[in-house]
Structures are given as structure tokens and as C-alpha cells.
Amino acid sequence: MLQVSEIRENIEAYKKALKKRGFDQERLQSLDRTIVLDDQRKSLQTSLDQKLAAINAHSKEIGMLYKSGKAQEANAIKDQVSVLKTSAAKEEEAMKLVKEELYKVLLTIPNIPHDSVPDGLTEEDNEVYQDWSSDLPDLGDHAKPHWELADVYNLIDFKLGVKITGSGFPLYRGHGAKLQRALIQFFLDEAVAAGYEEVMPPLLVNEDSARGTGQLPDKEGQMYEMERDGLYLIPTAEVPLTNIYRDVILKESDFPQKVTGHTPCFRREAGSYGSDVKGLNRVHQFEKIEIVQIAHPDKSYDVLQEMLKHIESLLIKLELPYRILRLCGGDLTFTSALTFDFEVYSAAQKKWLEVSSVSNFLTYQSNRLKLRYKGENGKTQLAHTLNGSALALARIVAALLENNQTANGIKIPEALKPYTGFDVIK
RNA sequence: GGAGAGGUGGCUGAGUGGCUGAAAGCGGCACCCUGCUAAGGUGUUAUACUCUUACGGGUAUCGGGGGUUCGAAUCCCCCUCUCUCCGCCA
């Protein structure tokens, strides 16, 4: 959520930037609306505070009068107080409504895109920030898509997943299961080596946490909900990992905070269908290793680059063809100011599959999280949050299977062999 | 799931209707002093909102919400979390 004070100071620049997200004049007016509402809020606040101050003063007076036995005078003041109280209550109600309205409007305003975010409304307009430099692998026409390979080598049983749960819940078995475990271990080890603290968080989160990272109230349709207990299955480890820092005030020397964790991720993906959801391309449950950093505002874009490098190094070690996209305004997540997507080439499907998304949220999340730090000057201000996948398993597995298929089985990349314990899947 | 006890500032811990935004101690910070020196002294030390050029005010907050009252950390109700005992259990 943006801060009204920031909107106030930068309104023209913000409006210009929001046009990249396809905001028309009408939607841009919501920025002006926040300022109007905030002004109303302030004047109500001031007036209400004055009334409360008067009430407090009178109450003290009444106490004194009773003590000195002047009950009659005290009772006279009581009447005055009750008048004040009625009017204060009215003002309080009015202020509550204004605040609710302001909150509602703020929820409709996404993060302000960074200068470098390209114009454009669809994924077609994403900028190829870094392309795969050599030829893409060509496996010929006999190459099998990963769901066929998974079947041939008995790695993943989609049918059993359907039987046990439903579609989109694959059951990994044998070498397929081991490959998952190897990748998880590999990614975690790499993250720890890069200075992230490993954590194993809860997989269910409460409403406050879901709100803190912005899954509520706008994206609740994406999460599985345990209504009876008021809990949500996490759609990404971003939620528990970032909420570690909810209501926290860091010291400047605490930066940077780096945490990583592996969790299953649960997504309803309601309304998805077709070839996009075939095999592992889009599932309701998948494993992901997430990296999260809390950064000083001056450093967050450097941190973003550092995270980019880390993720890139993983793909290089896995020997997968990849490219990096800088998302255009229309494709940018609501809460992000700048996002890079990583895609790997899946050689049998001849498709680029998204395996990671790295974003700088600036203060958009920390404002709701109340994640702050105390600066050198003693002032408390909002910190910046960033996160990225490093990496999401399902699609990595898809690409690994497809790209490494040979007549003699599926080869395991060198870096992964110590983790799988086998060189090839036959 | 049942019974009981409790949630106060960075921490420990006082506080049962008004002078308590909150004693005391510890910790932190600043300054001072110094042949008792891994010591001593003095001051300071929450967050948010708001008014003010500034100095400095005001309001709210003692787990959360509601209520009683002129006035609540203190009384009442609901919720939540923690601890102890019982039950259940990987």
C-alpha cells in the first residue's frame, strides 16, 4: 500500500508512471481522491482531539471538585461533558468512515513502476533483458514432452494424484521423487552459501500475515482457505518469510536481512485450463525455494541485481537455457515496482516456462507490514522488501526432463549428481 | 477437548477507579568525573496520529474488541495468545 504522504509529494510523477500500467484519467483520479480524503481525515482528527482534550480536562476538574466536596459544581460540569461526548462520538464515526474510504481507495492503487519498466499492457511487451546467447537446443521431432517422459520412466503419476486429491496434484515417485528432493537440497545449499539464513516456516498463515504481503484482500481467490480456523495455505513462502518482519523495527546495522526457505506452494489457479496446465506447466501444489531480502531503501536496487545474479547462477549450474524478462507495466504484479522473470526453455514443448520472478516492492509491502528501521538520524522509516524464487521446482523438472532426454535415458546435470546419487534416469 | 492461571514499556516487574504514559531495577544513549577503574555521577530513553516556522502542545495506545463511568491498566462481557494440570497424539 502506498503512503498518502508519498502520493502528496510525487503526485505528477506517480500519475505518469501509473500510465504504464494502463491507468486512464479516471483511475488516475483515485490519487487525487486519497489526498482529499486524507485532508478530511486530518481536520476531523484535529477537531476530535480538541474535544477529547476538553473532556479529559473536565474529568480532572470533576475529580478535584468531588474531593473538595463540591458535588453540585461537579454535576454541572458533567452535563457539559455529556454534550461534548455526543459530538465527539459523531466525529469519531465520521472519521472512521473517511478512514475506511481512504483505505479502500488505497487498495486500488498498485505500486509505482520503476523508471526502467517498459510500456505495454501484455506479456508481448515484456522486454527481453537478457537473451539466451547461443542456439536453443533442437531435439528433433521425436522429442517427448515431460509428461510422456514422466510416464515412460515412472517418475510422476498424474493419475494417482487425481485419485488421491484432484488434478494439478502430481504424485512423484522413485527417481522422480528423488530428483525433487535433490533439487530442493541443491537450491537451499546454494542460497545458504550466498548468505541467506535457512528457515522452515509454517505452511498455514493467519489473516494478518496474508494481509501483510498483500494476498488479502485482493488475491484471496488464489489461496486455499481453512475457513473454520481462519487460516490460509501459503501460495508462496514469500508470505511466511516476509511476515517474519511484520511489526519489526530494525537497526540500520541489521541490513541486509536475507532469509530463504523451501515450502510447498498451494494455488487454486481457478479458471485455468488448456495446454498451459498440461503436465507440470501449472499445478496446484509445487515445491519452491524462495529468497527474501529486507533492504535499506538506498540499496534495494543493488540487492535486486544481486538476487538476479544468484538465480542466474543456479540456471547456469543446471545447464538450462534461460532468458530474463523485464516485465512491462501491464504485466507487473500489483505490489511490485520492478520485476524480472526468469524463463527456461523447454525443448520438447518448444516453450519458455517461467521458473522465477524477482521483485522489488520498495515500501509497498513494508507499509502494511509495519516493517521499519531506525536510521542514523534517529528517524523511523519504512524498509524495502524484495523476494524471488530460487527456484520453483515443477517447471524446472519439466525442462530438465525434456532437454536432457537421450536414447539412453535422461541425463542429470553435473552439479546435481552429488544430490541425486545417480547420473542418468533409465 | 476439559480445568485453572496469566498477558503492563527493549527486558524483569510494581500498580484494583482520578495526580500513572505508567514506580523500581536492568539494558540502551548522552555528558561528567576518576588512582576503589570490567567502577562512580547526572540526565535521557515507546509508538502512531495531529497542531505549530520553531520552541512546544494535543489525542490515542498497558494482548484485541465492546461495555459501565464525568473519569479505566485497574470493574463487566466477548475474542485471542501463553503457561500449568488432565485427556488425546506423530
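Atoms considered below: every heavy atom in the structure, side chains included; atoms not considered: hydrogens, waters and symmetry mates. In this text, all values refer to a predicted model and were calculated from it rather than measured experimentally. Proteins get letters first, then strands, A, B, ... in listed order; numbering begins at 1 in each.
Going from atom CG of A:Asp229 over to atom P of B:C79 covers 16 Å, rounded to whole Å. One can place CD1 of A:Ile249 at 12 Å from P of B:C11, the figure rounded to the nearest angstrom. B:C29 atom C1' lies 16 Å from atom CD of A:Glu252, rounded to whole Å. Counting to the nearest Å, the C1' atom of B:U45 and the NZ atom of A:Lys251 are 15 Å from each other. Taking atom CD on A:Gln381 and atom P on B:A48, their separation rounds to 11 Å, with Å as the unit. Protein atom NE2 of A:His58 is 19 Å distant from nucleotide atom P of B:U69, rounded to whole Å. Between the P atom of B:U50 and the CG atom of A:Leu52 lies a distance of 15 Å, rounded to the nearest Å. The nearest whole Å value for the distance from the NZ atom in A:Lys51 to the P atom in B:U50 is 18 Å.
The nucleotide B:U53 finds no pairing partner, because no Watson-Crick or G-U wobble arrangement with both distances shorter than 3.5 Å includes it. Using the Watson-Crick or G-U wobble rule with both distances under 3.5 Å, B:C83 pairs with B:G4. Under the Watson-Crick and G-U wobble criteria, each requiring two contacts below 3.5 Å, nucleotide B:U61 is paired to B:A46. For B:C88, there is no paired base (Watson-Crick or G-U wobble, both distances below 3.5 Å). Nucleotide B:G35 has no partner under the Watson-Crick or G-U criteria, as no pair reaches both atom distances under 3.5 Å. The partner of B:A72, taking Watson-Crick or G-U wobble pairs whose two distances both stay under 3.5 Å, does not exist in any strand shown. Under the Watson-Crick or G-U wobble criterion, with both distances below 3.5 Å, B:U12 is paired with B:A24.
With both ends at atom P, the span from B:G41 to B:C36 equals 13 Å, rounded to whole Å. Between the P atoms of B:G43 and B:U61, the separation comes to 30 Å (whole Å). Taking the C1' atom of each, B:C76 and B:A60 are spaced 23 Å apart, rounded to whole Å. When the C1' atom is used for both B:G18 and B:A72, the distance is 10 Å, rounded to whole Å. Look at the C1' atom in both B:G64 and B:A73: the space between them is 15 Å, to the nearest Å. Straight-line distance between the C1' atoms of B:G9 and B:U20: roughly 13 Å, to the nearest whole Å. Atom name P, nucleotides B:A39 and B:A54: the rounded distance is 43 Å, in whole Å. Rounded to the nearest Å, the gap between the C1' atom of B:U42 and that of B:A46 is 23 Å.
For the pair A:Arg372 and B:A48, the criterion of a side-chain N or O lying under 4.0 Å from OP1 or OP2 is met. For A:Lys374 and B:U47, the shortest distance from a side-chain N or O to OP1 or OP2 is below 4.0 Å. A sub-4.0 Å separation between OP1 or OP2 of B:C49 and a side-chain N or O of A:Lys99 is absent. Neither OP1 nor OP2 of B:G71 sits under 4.0 Å from any side-chain N or O of A:Asn56.
The residue from A:His114, A:His296, A:His384 that alone fulfils the ring pair (Phe, Tyr, Trp, His ring centres under 6.0 Å) condition with A:Tyr301 is A:His114.
Proximity note for A:Ser59 (side chain, C-beta onward) versus B:G18, B:U47, B:U50: the nearest is B:G18. Nearest to the side-chain atoms of A:Asp49 among the listed nucleotides B:A48, B:C70, B:U59 stands B:U59. The side chain of A:Lys42 sits closest to B:C51 out of B:C49, B:C51, B:G18. Distances were taken from every side-chain heavy atom of A:Thr46 (C-beta onward) to each of B:C70, B:G58, B:U50; the shortest belongs to B:U50.
The nearest heavy atom of RNA chain B to A:Met64 and to A:Asp38 marks one nucleotide each, and the one closer to the 5' end goes with A:Met64.
Rounded to the nearest 0.5 Å, atoms CD1 (A:Ile62) and NZ (A:Lys78) are 6.5 Å apart.
For A:Phe422, the ring-ring contact (aromatic ring centres under 6.0 Å, His included) test picks out A:His175, with sequence neighbours left out.
Taking 4.0 Å as the cut-off between side-chain N and carboxylate O, A:Glu190 and A:Lys317 count as a salt-bridged pair. The pair A:Arg173-A:Asp157 meets the salt-bridge criterion, with a side-chain N (NZ, NE, NH1 or NH2) lying under 4.0 Å from an Asp/Glu carboxylate O. Under the 4.0 Å criterion applied to side-chain N and carboxylate O atoms, A:Asp39 and A:Arg8 are assigned as salt-bridge partners. We find that A:Lys309 and A:Glu312 are joined by a salt bridge, their nearest charged nitrogen and carboxylate oxygen being less than 4.0 Å apart.
Under the 30°/60° scheme for interplanar angles, the aromatic rings of A:Tyr373 and A:Phe255 are found to stand perpendicular. Ring geometry for A:Tyr224 against A:His284 counts as perpendicular: the plane angle is over 60°, on a 0 to 90° scale with 30° as the lower cut.
Within residues 75-84 of chain A, the residues that place at least one heavy atom under 4.0 Å from RNA chain B are, in residue-number order, A:Lys78, A:Val81.
Residues in residues 11-29 of chain A take part in these salt bridge (charged side-chain N to carboxylate O under 4.0 Å, His left out) pairs, two or more places apart or across chains: A:Lys15-A:Asp32.
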